[in-house]
Structure formats: structure tokens, C-alpha cells
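These notes concern the structure reproduced below.
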Amino acid sequence: MNTEKEKRTILANDGVQSFLTALLCIVIGLFVGFIVLLIISPQGAWEGIITILKNYFTYPSGPAKMKYFGNTLVKMAPLLLCALSIQFCYKAGLFNIGAAGQYVAGAGASLYGALALGLPWYVDVILAIVAGLVFGGIVGILKAYANVNEVISGIMLNWIGLYTVNMLLTGVKETASPYTVTLASTNESALLPNMGLDKLFTNNKYVTIAIPLAIIVAIVIQIILKKTVFGYELQATGYNKDAAKYSGMKEKKNIILTLMIGGALAGLGASFLYLTGYEQWSVTQSSVPVMGFNGIAATFLGGLDPIGTIFASYFIQHITSGGSYLDKAVYPSQVSDLISAIIIYLCGFVLFFKTVFNKRLNAKKGGEKA
Amino acid sequence: MAEEYAIEMRNITKRFPGIVANDNITLQLKKGEIHALLGENGAGKSTLMSVLFGLYQAEEGSIYKDGKEVHIKDPNDANDLGIGMVHQHFKLVQCFTVLDNIILGVETTKNGILQKDEAKKKIMELSDKYGLSVDPDAKIEDITVGMQQRTEILKMLYRENDILIFDEPTAVLTPGEIDELMEIMKGLAKEGKSILFISHKLNEIMAVADRCTVLRRGKYIGTVEIEKTTKEELSKMMVGRDVKFEVDKKPAEIGETILSVRDMTVASKLHKNNAVKNVSFDVHAGEVLCIAGIDGNGQTELVYGLTGLEPVVSGNINLMGRDITKASIRERSTSGMSHIPEDRQKHGLVLDYSLAYNLILQRYFGDEFSTKGGFLKQGSIKAYADRLIEKYDVRSGRGADTLVRSMSGGNQQKAIIARELDKNPQLLIAVQPTRGLDVGAIEYIHSQLIAQRDAGHAVLLVSLELEEVFSVSDRILVMYEGEIVGEFDPKTTTREELGLYMSGAKRKEVAA
Ligand SMILES: Nc1ncnc2c1ncn2[C@@H]1O[C@H](COP(=O)(O)OP(=O)(O)OP(=O)(O)O)[C@@H](O)[C@H]1O
Ligand SMILES: [Mg+2]
């Protein structure tokens, strides 16, 4: 009886619940993904799902594993920042779907600074932050002063941002392809420093200070939310706007500030990818990069907790990268995206599962009397 | 024999982290009776009713309906068994209309199309029959607390339940409305419905109930026949000591003017007319000025205007010689104004914050609780919260760390009162401060209001309860349709006279 009771208290703990529900989502996501693979091609399905899960473990040698582990981390950093952007705003009761556009703005600004203006990396990073901040700020001002829903203005800015950046970067694209010229060939000073981290990952030159910085930012966000006056106000507003107003908090100021910080985080995230040289921007792309949207899943999978989100971002990036190893002969190349999309989509259901889980827990308590 | 009882709850035990909310409680509800449930704030009344309504599952005990054991797993089960509940904190959808809220879940449809007209007719009939006036097309977020309450009651009547749970339904009704509700309840009981009725107002229990069960700190104390008991005995059973019903106070020593309001007009959210029209009055140091009136006559908006929650259309507000007409809410608060809001859950509390965080809601930004660098001083916050919890006897499962959402209604209110009184304000604006408090707590709050006044501070009390108005105020202003229609001295006026002014039958000119 006693242990039974203890078990219940542990299960009622919020952190434990977040973890368990996240796990549940992952399992269901993988299962649905597996079904889809089965439907497309039954023979390869089991192997396929294992491939996705294995990601860089596919490689036999230790050094190769490390190298590709590095690649997953390289893409995890921007994802984590997008997730933090959404999370930070969510805590204030704002749904920052505009993170995708703020990310685009950050990418455009940092690449323009690096390639067109020849500025060093630290200036490019600041440009990215400012660009994201401005994008977030616009959404914030519209919300605060004109009561425009942040989702609507955010989505519109996503598209405005995309085409503006495409135009802006057309001047620095390769002649033969739609991609921007590489940093290595044009302006090496714009590459983020490795600080020896590349050595740890079998000379993976894309592994830069972006990765530890992203994790530090997550910790800083955690501190802001839990320990500061600003975090107190922000979350009070998110929980109960009327009480925040009653207590005299400046709602308009906080909305704008929150979205500016959210924007800055997403913008910074973009610079953390594009200034590694890992990816080049395609000026003909006609869809907003998914990074900002995957951030939504990562933040929910992470239980709306900055530290949890570090792990969630890693996991989502892990399966996204893993998807690219699917046997292209059996599965068309879009399948890998589809599978990871399904898993990510289900990860977004964490909150839903948590509610169900709590109900169950309550019902079980009642059932015990019998 | 067992069928004598419509509902029998046997040996119910329900625990929450840190507290046994119901400890082996047995409650027997006879058919056609009105059964009152009495107990201090946090005694476990709402919890017991929530178990009956299927919102919580008891760890131990069983429930019988008409002598047969039943398992109520959720409110749908309860509804199927004919059990309806009006909650202490309303469960209405804010952006829906009154009509939509009432029919929510039991909509009648024809070929998949909502039959709202019929529903509306039925609601209007019920509303007429029981004198529960509502505007079926108004949105919940725009109507007064009183009307929300009436919506909740209509919701239950609309569902034709035969076991009716009223969790503090009268807390927000006006005296007239309460009398009407009492009649309704008696009528319903005569029709054979069985009623469970929670109230902290002993007069109501004495007037309407057949029997009363008393709880104290989660334990069953006893069940008594109302005919064979007295108010004093009931309150003693409930608190464990004698309670004074009169407030001791010495004559007021009126000092300088603290608050001066001139020609204030505040817009209404409900209709195009202004809710407060050209109101002028003063509140002085050392007095309790009471605004009396029937709910919805502009009192809410008057307070919104004074506290800055809504802008004023015209007029002037002066606090201790300073024009604060355009001042922000924060400025008003830091320059000596405290506000105990009418709607505790909407304005007064962040339900998902801990008790400690709620207790610093008006002063978290000061040096006491935050560093220059913008960090919260967790240690001071905890110490401060513990001090207030102790001083104001705020009861909860886990002290300063308790989520306010999980606290009993009365203790939520006590938390707000602790916070606002502890600011030691020059002007205390208290709207229905004792709503939902038990007699012991009311005694305490009233003595605190008097203490504020005796310390030379001004108190502006907005109350719908005449008993409260008479026992604490030094001066009474009556509001009717947004205007002040009379000024009275509680020592020389009567309830009947006030009633005439409150209902608009009489009015006189009032000079500020
Ligand atoms: N969901 C919950 N989680 C944790 N504790 C709870 C919860 N609900 C109630 N409690 C605790 O159980 C106790 C009884 O609460 P309950 O709401 O039943 O009191 P009550 O008698 O209705 O009081 P009041 O007159 O103030 O409304 C309180 O101490 C409260 O803090
Ligand atoms: Mg209660």
C-alpha cells in the first residue's frame, strides 16, 4: 500500500508526467511511421524504421559515427533555438508561429552580412538577432496596439520574410545554381569558430561554438522564466491576463518585449546553422524552412521546459537525420521526410496525452476502493 | 428503509497532497428535503459535493442512490442519475452567450440543426417562473457575476435534475434575490426534488433547510434538525468556539479627504449607455463608506474607474490631493490604493501560480522581493508568504507552495485579503470582501476593516449584503442605474428605506 502510494505521487509529479507522455508520443509516432513504411513496402519496413532510429549508428566505424553525430548536433542547435522562441512566447500566452519567419529573417540577415558585406561572424550573428527581433517586434506591436492576432500576422510575415530574403540573397548566389555562394570561398571570417570542437567529432568542421551556445541559451531562458521579475510577469500574463492587468503589469510592453525576444532567439538560431557553412540558402525556395515549425513540436515534446526541450530537439533532429538514410531504392526520398513529419506531428500531442494520463490516474485512484 | 434517502454517501474519504479533505464522512439526503452543508473555509464541503458530482473519485466510501449503490465516475454519470450542480466558481464558457451556456451539452437538434428558439422559450419560461432574470443573448464575459450565477442555476433547472447541489449559490445574490431563491428552493423541494445546499450564511440555512450537516477540517461533526437548533449552536459546531455576530466599533473619527471623485462617468460594456453617470463623492480618513445597491447598477464599473481597470469617460479622481484620473493601475496601487476585486478568480489571482507568488502580486517589483538586476528573491518571498499565511490563517494543503487553483474558495479569498491589507493602504477599496467566507472569517475581516479605519485610513466598501452594510459602514451611498440616489447614516436609516432607494422607487439629491 505504501509503495503503491509512493508510486502514485511519483506519477503525479509534473516532470515525470511530461517525460512519460513524451515517451508515449515517441512510441506512437514511431509506430504510425512504421505502419506507413509497411504500406509502402512491407519487406523493408522493419529495417527502415531501425535505420531511422539508428541515424549515424548506421556507420560501422567509431570515427564515422562521431562525425555524423556531429552533423545531427549541428542541426539540433537551430532547432533548439526555434523551440525556445516558441516556448518563451507560449509562456506569455502567445503562439509565436512567426518563429519560422523570424528564422528566415535571421538567415537572410546573417548571410547578407557575411556574403554581400563581408562582415565577420560576430557581426553577422548580431545582424541575425536584430532581424529576428524586428520581425518579432512587428508582430508584437500589431498585437499590442491593433489587437491583430499574433498567429495571423506571424504567418503573413513568414511569407513576406521568405520572398524578401530570396530577393536579397539573389545578388550573392552561385551563377550555376540557385544556392548562395559558400562562406568558405567568399568570406572565411564569417564562419563560426570551432574552438577545437571539430576535433572531438572526427574533424567535422561544421561543429562550432553554436552547439554549446544553444544549450547555454536554453539554460538562460530557464533562469529568466524561473528566477526573474520579467519571467514572473511574463508567465502571470500567460496564465491570467486580467490578473496581470489588475496587478499593474504593462501588458503592451510585455507582449512586444516577449515577441522581440522570441524573434531574436529564432533569428539567432538561423545564424547558428547558416554561419557553419553546413547549408546554403536556395533563393528559389518557395516554402518557409520547416525549422520554425519543427520547433513547435520540440517545445511541446520537451514539456514546455527549456531543459526538456534540449533533449526533445535532439531527438527530433535525430530522427529527421536518420530518415535520410532510408534505402532510396525501396522508399522514395520524400518518405523519410514524411516519416519524421508523422513522428514530429505526434510529438505535438504531448499536452493532450498528459491530460488523458491525468484522468486515468484519477480514475485509478477511484477504482482502488473496490 | 434505505429508500428513505435519495442519496447516501457512506464513509467517504478523499485525500489531496498534504491534506485529508474528507475524512470518513457520511451524508444522508432524504427525498424532498433541503439539506444544508455547513463548515469553515476549507472544511471539505465542495470536495464532498464534487465527489457526488463525479469530479473527484473518493479513495474510500460508497454512494447510494435510492438505496442502490452507484459509481459516479464523471459528471456525465451524475447527470444520468439526475444529479445537477451549481459550482462555487462558475463553469461557464466566457465567449458564449447565456443561452448557449445553458443548452451546452443538451442541445436539441432537428435534422442536425440547433433548435435554439424552443430552448430560448423554455429558458425564458423558467426565468420568469423563478424570477431569475437573464439576458439570453448576452455574452458571459460581459455580464455581472450575479447574472452568471443565475445562468448557472437556470442551467441546472433546464436539465430537469432531481438532485440539486447548490455550492454557495447565494454568495453573490442580492437580498431580494436570495429571498426569491429560497422560495424557489422550497418550491422545488415540494415538487419532490432533493436539495443539497452549501452556504456560510446561517440565516439562510435557518430559513430554508430541513436538516444540516456540519463538517470541520475534513471531519464529520454531526447532523441536526434545523427546527431544534439555533444559529449560535450551528456556528459553535462549525468553528468549535462561540462566534460574535456583531462588530465592535467605536465612533468614527473622520479625518481629511482621502479620495475625492467628481462627475465621474464610466462606459458600460453591456449596453451603449454609461454604467456610471456623473458620480461625485468623497471618502475620508477614518471612515468606512459603503456603496450599497442591487448588483448591476454600476458598482462594478465604478470600481473599475477608480482602480484604473477601465478608463473613465469624463470626470476627476483625486487621491490624497493628487489627480489620478489618468494614472496607471500600478501608480494608483503604489500611491496607497488597495483593491479587493469583485471577481477573485478573474482579477485577483493567478490560479496556476503558487500561493507565495500570488501573495506578492502587488509588490514583487519592490526592493523587498527583487534585486536590482531583476531577479526574484525567493527566500524573502517564502518568508513573507509564510508570515501572511500565519497571520491571516490561510489554510491549504502545502502552505506557500500550494497551487492556488487547488485551494478552497474561501481560502483563495483570504489570500487576496491578506495581500491587500498587508499593503497598509491609505485607501482600501473592498468589493464584496466577505463573499464566500465562513462566519469566523467574516468576523475577522470585518474587524480588520474597522481596524483600517481606526488607523486613520479610508475604506470604500462595495457590498450587496445589507447585513454587512449595516454592521461595518459609517456612511452609506445607494447606487441605482449608475447614479448615487441617496446618502444615509446607518444609525438612522432602515433596511426598508434603503430598499426603496436601491430599487429606484425613491431618490434624493446628494451633494458630494
Ligand atoms: N484539487 C485539489 N488539489 C489539492 N487540494 C485540494 C483540491 N481541492 C481542494 N483541496 C483542498 O482540500 C481542502 C477542502 O477544500 P474544499 O474546497 O472542499 O473546501 P470548502 O469546504 O468548500 O471551503 P470553502 O467554504 O472555502 O469553499 C482545502 O484545504 C483545499 O486546499
Ligand atoms: Mg467550497
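A note on names: the letters A, B, ... follow the listed sequences, proteins ahead of strands, and every chain is numbered from 1.
Contacts of B/S333 with chain A are absent, with no heavy-atom separation under 4.5 Å from either backbone or side chain. Proximity to chain A is absent for every atom of B/F369, based on heavy atoms less than 4.5 angstrom apart. In this structure, the portion of A/K226 lying under 4.5 Å from any heavy atom of chain B is its backbone and not its side chain. Proximity to chain A (any heavy atom under 4.5 Å) is shown, for B/L351, by neither the backbone nor the side chain. Contacts between B/R419 and chain A at a heavy-atom distance below 4.5 Å involve the side chain alone, from C-beta outward.
Within 6.0 Å of the CZ atom in A/F19, the count of heavy atoms belonging to other residues, nucleotides or ligands does not exceed 12. For B/K139, the NZ atom sits in a loose shell: 12 or fewer heavy atoms of surrounding residues, nucleotides or ligands are nearer than 6.0 Å. Annotation for B/F16: atom CZ counts as buried by contact number, over 12 foreign heavy atoms lying within 6.0 Å. Residue-environment remark: NZ (A/K241) stays at or below the threshold of 12 foreign heavy atoms within 6.0 Å. Other residues, nucleotides and ligands contribute only 12 or fewer heavy atoms inside 6.0 Å of the NZ atom of A/K227.
Taking every heavy atom of both residues into account, B/I329 and A/K245 meet most closely at CD1-O, 3.2 Å. Taking both residues in full, the closest heavy atoms of A/V229 and B/S370 are given as CG2-CB, 3.3 Å, listed atom of the first, atom of the second, then distance.
Note that OH of B/Y357 is 10.5 Å distant from OH of A/Y239, once rounded to the nearest 0.5 Å. To the nearest 0.5 angstrom, B/D352 atom CG is 10.5 Å from A/Q235 atom CD. To the nearest 0.5 Å, the span separating OG on A/S247 from CG on B/L349 amounts to 12.0 Å.
Side chain to side chain, A/E233 and B/Y364 meet the donor-acceptor criterion of an N or O pair below 3.5 Å.
Options B/Q378, B/H339, B/E331 differ in how many heavy-atom pairs under 4.5 Å they form with chain A, and the most are formed by B/H339. The residue among B/P17, B/G308, B/P341 with the most heavy atom pairs within less than 4.5 Å of chain A is B/P341. The most heavy-atom pairs under 4.5 Å with chain A, out of B/T371, B/T307, B/I360, come from B/I360.
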Exercise. Test ring pair (Phe, Tyr, Trp, His ring centres under 6.0 Å) on A/Y232 and B/Y353 and set out the steps.
Key: CA-CA 10 Å; A/Y232 175 90; B/Y353 264 173; 5.3 Å; yes
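Judged by distance alone, the side chain of B/K346 and the main-chain N or O of A/D242 form no donor-acceptor pair under 3.5 Å. For the pair A/N240 (side chain) and B/Q345 (backbone), a donor-acceptor distance under 3.5 Å is present.
Between A/Y246 and B/H347, the angle of the ring planes lies from 30° to 60°, which puts this pair in the tilted group.
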